[in-house]
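Here the structure is laid out as structure tokens; the discussion comes afterwards.
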Amino acid sequence: MAIENTKNISILNANRQDVADEESVRQLEYIEKAKAQVSFLEKELGRKLTACVTTFGCQMNARDSEKLLATLKLVGYEETESEDADFVIYNTCTVRDNADQRVLGRLGQCSNFKKNNPHMKIAICGCMMQEDSSVEKIKKSYRFVDLIFGTHNIYKFAELLYRSLNSDKMIIDIWKETDKIVEDLPVLRKYSFKSGVNIMFGCNNFCTYCIVPYVRGRERSRSPKDIIRECEKLAADGVKEIMLLGQNVNSYGNDFKDGNPDKISFAKLIDEVTKVEGIERVRFMTPHPKDFSDELIDVIANNKKIARHIHLPLQSGNTEILRRMNRKYTKEDYLNLVDKIRTKLPDVAITTDIIVGFPGEKKEDVDDTIDVVKKAAFDNAFTFIYSKRSGTPAATFEDQVPEDVVKENFDRLLKVVQDTAKEQSFKYNGQVQEVLVENVNDHDESLMTGRMSNNTLVHFPGDRELIGKMVKVKITECHGFYFFGEIAE
Ligand code: SAH
Ligand code: SF4
Ligand code: F3S
């Protein structure tokens with residue numbers, strides 16, 4: 001694993017000019033203080049201390065966890081996958097109720113480890129902690145937790161960690177909102193050759209089922225300069241593939257005032273990122289159909305470095321349900337957009353997210369969704385059962401759909417989604433694809449696993465030396481969500 005910004009740490013300590021990053025300097029000072037503490041504990045215990053970071057939720061959370069892990073490593077902890085560790089942190093998601101339940105189950109188990117290790121610290125952060133009810137639950141039923149913080153002050157982790165190491169009380173620090181973006185915090189990438197890059201935080205869309213705007217706050221875009229600077233650093237550090245991250249990437253920059261030179265479109269931004277020397281492939285996640293501009297389609301068409309994959313969340317294929325979801329497009333708008341994309345970008349894979357069981361959804365509404373799945377010919381779709389999130393408008397809607405009806409509709413939809421995806425996958429048979437090699441195959445050591453531009457995995461005979469390299473692979477066998485192939489040159 002590669003720690004980014006380690007060079008920066010020394011620059012910052014040598015009196016960096018950039019005052020905007022005062023906060024990151026402060027946090028680096030806390031890293032030094034906590035380091036002394038950890039080294040003291042190491043001597044006392046006669047062993048190295050270990051830390052485990054567990055992530056739930058989306059790519060945004062995964063990127064946040066890379067920041068948590070970097071701080072823990074700089075402080076002196078050794079990374080471990082096991083929750084039987086000296087510092088355990090759960091970075092939570094609350095988008096659906098099952099995400100909440102998974103976290104609480106894991107947290108419960110973790111308390112057993114603490115009984116045998118009095119030095120153990122347990123922390124919990126992320127989206128679930130932005131909800132009062134969840135924090136209350138932890139305070140009441142999970143008294144053994146040492147540190148709770150939210151999404152807005154994650155940059156303060158070093159400081160909170162230091163405070164927690166010096167206290168035997170439960171520390172809780174949750175902010176309701178923030179307008180702050182702290183640059184230049186250390187990050188420890190999971191992969192040396194690819195990385196996520198946040199381009200914006202928060203969401204302004206308030207889809208009526210969704211908790212994200214409440215737990216991640218309003219949209220805040222990073223300046224293009226900061227984004228490009230981060231991409232340049234990543235490229236210099238060996239990164240070849242970048243994923244631009246945001247809840248609604250194509251509203252990037254809308255929060256900048258007119259006349260601000262930073263105000264550029266998402267299409268322009270992604271084009272700029274592809275120009276960074278060393279970057280070979282750029283992805284993005286997630287665009288909103290209502291903001292998908294012709295400019296963006298043209299930029300993708302003219303720029304082969306932009307991955308041939310668009311994740312375009314549909315949510316429902318029924319116009320009335322879409323209206324009640326506050327998605328701001330109709331069934332026809334969505335299909336027209338897909339048509340335009342398929343015409344101008346024939347080699348692009350389109351994937352989607354669909355919710356089944358939104359309040360008031362009838363069988364015929366799901367038929368509309370099925371119709372869109374067939375017409376859009378999705379390469380893949382993630383199907384979710386609607387989960388009531390308290391605090392969102394939809395939670396108060398009448399006519400919540402009975403479970404058995406949801407299940408029946410879900411199964412019906414899933415069958416079509418799977419058949420469509422399988423049919424789509426055959427188009428890759430015999431093609432030669434650029435593949436970024438990610439790892440040795442989990443089941444067969446003679447095979448390598450890599451990612452095609454369309455975001456699907458391909459397994460092929462090869463050497464581990466290829467990890468992190470872009471190679472040409474001929475697709476020989478389709479298995480729906482993954483492929484087998486052989487090196488083409
Ligand atoms: N910003 C992205 C992704 C948000 S969360 C977007 O606009 O699409 C990822 C997915 O979770 C969503 O696309 C949606 O399909 C699903 N989701 C969000 N809230 C949900 C809920 N309450 N119940 C079920 N699925 C939900
Ligand atoms: Fe949630 Fe809608 Fe924002 Fe996506 S765009 S994060 S679904 S509110
Ligand atoms: Fe979950 Fe938060 Fe992402 S609620 S989906 S981790 S923004």
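Each ligand, and each atom within it, is numbered from 1 in the order the structure gives.
Among all non-hydrogen protein atoms, the one lying nearest atom 7 (S) of ligand 2 is Y209 OH, 3.4 Å.
For the pair E272 and K268, the salt-bridge criterion is met [side-chain N within less than 4.0 Å of a carboxylate O]. One finds a salt bridge joining R412 and D367 here, because a Lys/Arg side-chain nitrogen approaches an Asp/Glu carboxylate oxygen to under 4.0 Å. Classification of K344 and D339 as a salt-bridged pair fails, no side-chain N sitting under 4.0 Å from a carboxylate O. In summary, D347 and K304 engage in a salt bridge, as defined by a charged side-chain N under 4.0 Å from a carboxylate O. Under the 4.0 Å criterion applied to side-chain N and carboxylate O atoms, E230 and R222 are assigned as salt-bridge partners. Salt bridge status for R451 with E438: present, with a side-chain N to carboxylate O gap under 4.0 Å.
The six-membered or imidazole ring of F284 lies near that of F266, with a centre-to-centre distance under 6.0 Å. Proximity of the aromatic rings of Y214 and F206 is defined here by a centroid distance below 6.0 angstrom, and this criterion is met. A centroid separation of less than 6.0 Å is found between the aromatic rings of F483 and Y428.
Taking the six-membered ring where tryptophan is involved, the planes of Y334 and Y329 are tilted, since the angle between them lies from 30° to 60°.
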(request) Apply salt bridge (Lys or Arg N to Asp or Glu O under 4.0 Å) to the pair D146 and K114, showing each step before the final yes or no. (result) CA-CA 11 Å; D146 299 284; K114 199 169 186 179; 2.7 Å; yes
(request) Determine, stepwise, if the pair R283 / I242 fulfils side chain to side chain contact (heavy atoms under 4.5 Å, CB included). (result) CA-CA 6 Å; R283 305 179 175 281; I242 278 177; over 6 Å; no
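With sequence neighbours left out, D226 forms a salt bridge (charged side-chain N to carboxylate O under 4.0 Å, His left out) with R229.
Within 4.0 Å of ligand 1, heavy atoms belong to protein residues V95, R96, Y209, Q247, T286, P313, Q315, R327, D353, I355, F384, I385, Y386, S387, R389. Ligand 3 lies under 4.0 Å from heavy atoms of G57, C58, N61, C93, T94, V95, C127, R216, Q247.
At least one heavy atom of R327 lies less than 4.0 angstrom from ligand 2.
The tally of protein N/O/S atoms under 2.8 Å from atom 3 (Fe) of ligand 2 stands at 1.
Heavy-atom contacts from other residues, nucleotides or ligands closer than 6.0 Å to NZ of K422 number 12 or fewer.
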